[in-house]
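Presented below is the structure to which this report refers.
Computed from a prediction, not measured in an experiment: that's the story for all the values here.
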Amino acid sequence: MQGAMTDKLDAQWIAVRARLKAELGESMFNSWVKPLGPVALADGRITIAVPSRFMRDWVQSHFADRLAALWRQENPSVLGIEMQVTTSLARTPAAAAVAEAPVIPRAPSRPGLATPLTEPHERTFAEVRLLSEANTGHADRDIGAPLDARYTFDNFVVGKSNELAHAAARRVAESPDVKFNPLFLYGGVGLGKTHLMHAIAWSIRERNPGRRVIYLSAEKFMYQFIRALRFKDTMAFKQLFRSTDVLMIDDVQFISGKDSTQEEFFHTFNALVDHQRQVIISADRAPSDLEGIEARITSRLGCGLVADIHPTDYELRLGILQSKLDQSGGNRDVPPRVLEFLAHRITSNVRELEGAMNRVLAYSDLVGRPITLEMMQEVLQDLLRANDRRVTIEDIQRRTAEYFNIRLADMLSARRARAVARPRQVAMYLAKQLTSRSLPEIGRKFGGRDHTTVIHAVRKIEELREQDSSLSDDVDMLRRMLEG
């Protein structure tokens, strides 16, 4: 008897769902109706299971009356609808169908055609959130970016330039109760920020698979938010991102000038921190130096632990090359002087250093030539020439001092006379423009000055160049001399 009643209820629900889908459209239907499921009919009232209080409140306020009216057309004895929050998705057939639905692979786009903003088979934010609540482990993979298996703590080489960032990342990954939130990692291109973020995510998944981790770039966060706006899916978007245990956003500087995205990021950030959920952010500069980002955001980004990843030194670069060689497998016969030469000559960033090593190893495998110093110089001649042309802070200081006829020691001194201070500001400005060094690193090269001094110098020279054509010509001349 009970089975017949359940079958009858399910049959009525199928008819009601079909009508609602026609009225609401596929996107709204998938977000708010598909996860629902009837539980019982008693005293003329249908009990419908919903997976969360958030969804219960939204459905009740938006179309509970219409749901009841459509059901009365199927069964006149129905007097009303009641929503019941059900923690187990398995108890609701519709929600179970969502969790078990296969992910249809994307069809490859044809060359020359732009990829559409969304596709009919993409999961909505509500569906992804339901998967996450069911602990299927797929929520972060559906909404976030894929993790690179090479980027783990085991493969990260630690040195003086990154030891604080590495130690902080390990603490966040290994302990659910961390005193600093958010963790903000910053540094130049190719210094290991993304590697550390991936390593944190892998470590958390291994130690505690139940914790929900979302990793994505700031650009993808913006894309997902725009998609939610376009398909009127913002409530589920908010619920998804604000219910995760660990949110990791890479390259946050890319939301510069994007006011609506910054507004959503601000509220998401606050909601997570207020509920003791971990937030990890990376950028190419310190929070106070982010341009085009609202002050209320930058102040909050700096309230946890800010860890600077400095450019690598020779010892760290040599260690990275040795680690890369060990990971490549096989018995590689690479003379130590080849590694030492690369560590001395390629100083810009780790990514370029590893790329150079990959080229040498690939050339040796494909052509069958042994790895020697001469072979390496032949294979990397374009890269080595480019690095030869790179300008250092010391070059800038020396050439600027000569140009303005002051002593090189004045660049590092505490003298504030205008005849010394202005050339020093010009040198700081050029160091910011022509090198990949971070602002704190530039400050240290100028007598241990604070990064705020460098910011002031850069802004001052930018202002003066607009007002003083003579100074602007001097700066342009110096730049051409340094780059020539």
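- The pair Lys160-Glu163 does not count as a salt bridge, with every side-chain nitrogen at least 4.0 angstrom from each carboxylate oxygen.
- Under 4.0 Å is where a charged nitrogen must lie from a carboxylate oxygen, and between Glu263 and Arg296 at least one such pair does.
- Within the 4.5 Å cutoff, the side chain of Thr268 has no heavy atoms near those of the Asn270 side chain.
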One pair to check against side chain to side chain contact (heavy atoms under 4.5 Å, CB included): Val458 and Ile455. What are the steps and the verdict? CA-CA 5 Å; Val458 170; Ile455 295 173; 5.9 Å; no
Check the pair Thr452, Asp450 against side-chain hydrogen bond (donor to acceptor under 3.5 Å, both in side chains), reporting the backbone distance first and the verdict last. CA-CA 5 Å; Thr452 56; Asp450 188 77; 2.6 Å; yes
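- Side chains of His451 and Arg444: no donor on one and acceptor on the other come within 3.5 Å.
- Annotation: cation-pi pair Arg170/Phe153 present, NZ/CZ under 6.0 Å from the ring centroid and within 45° of its normal.
- Using a cut-off of 4.0 Å between Lys/Arg side-chain N and Asp/Glu carboxylate O, Glu264 and Arg242 are scored as salt-bridged.
- No option in Ile346, Val350, Asn162, Leu353 other than Val350 meets the side chain to side chain contact (heavy atoms under 4.5 Å, CB included) test with Thr312.
- Ring-plane geometry between Phe225 and Phe237 is classed as tilted, the angle between the planes lying from 30 to 60 degrees on a 0 to 90 degree scale.
- Contact annotation: the side chain of Leu185 approaches that of Met197 to within less than 4.5 Å [non-hydrogen atoms, C-beta and beyond].
- Between the side chains of Ser217 and Asp251, no donor-acceptor pair of N or O atoms lies under 3.5 Å.
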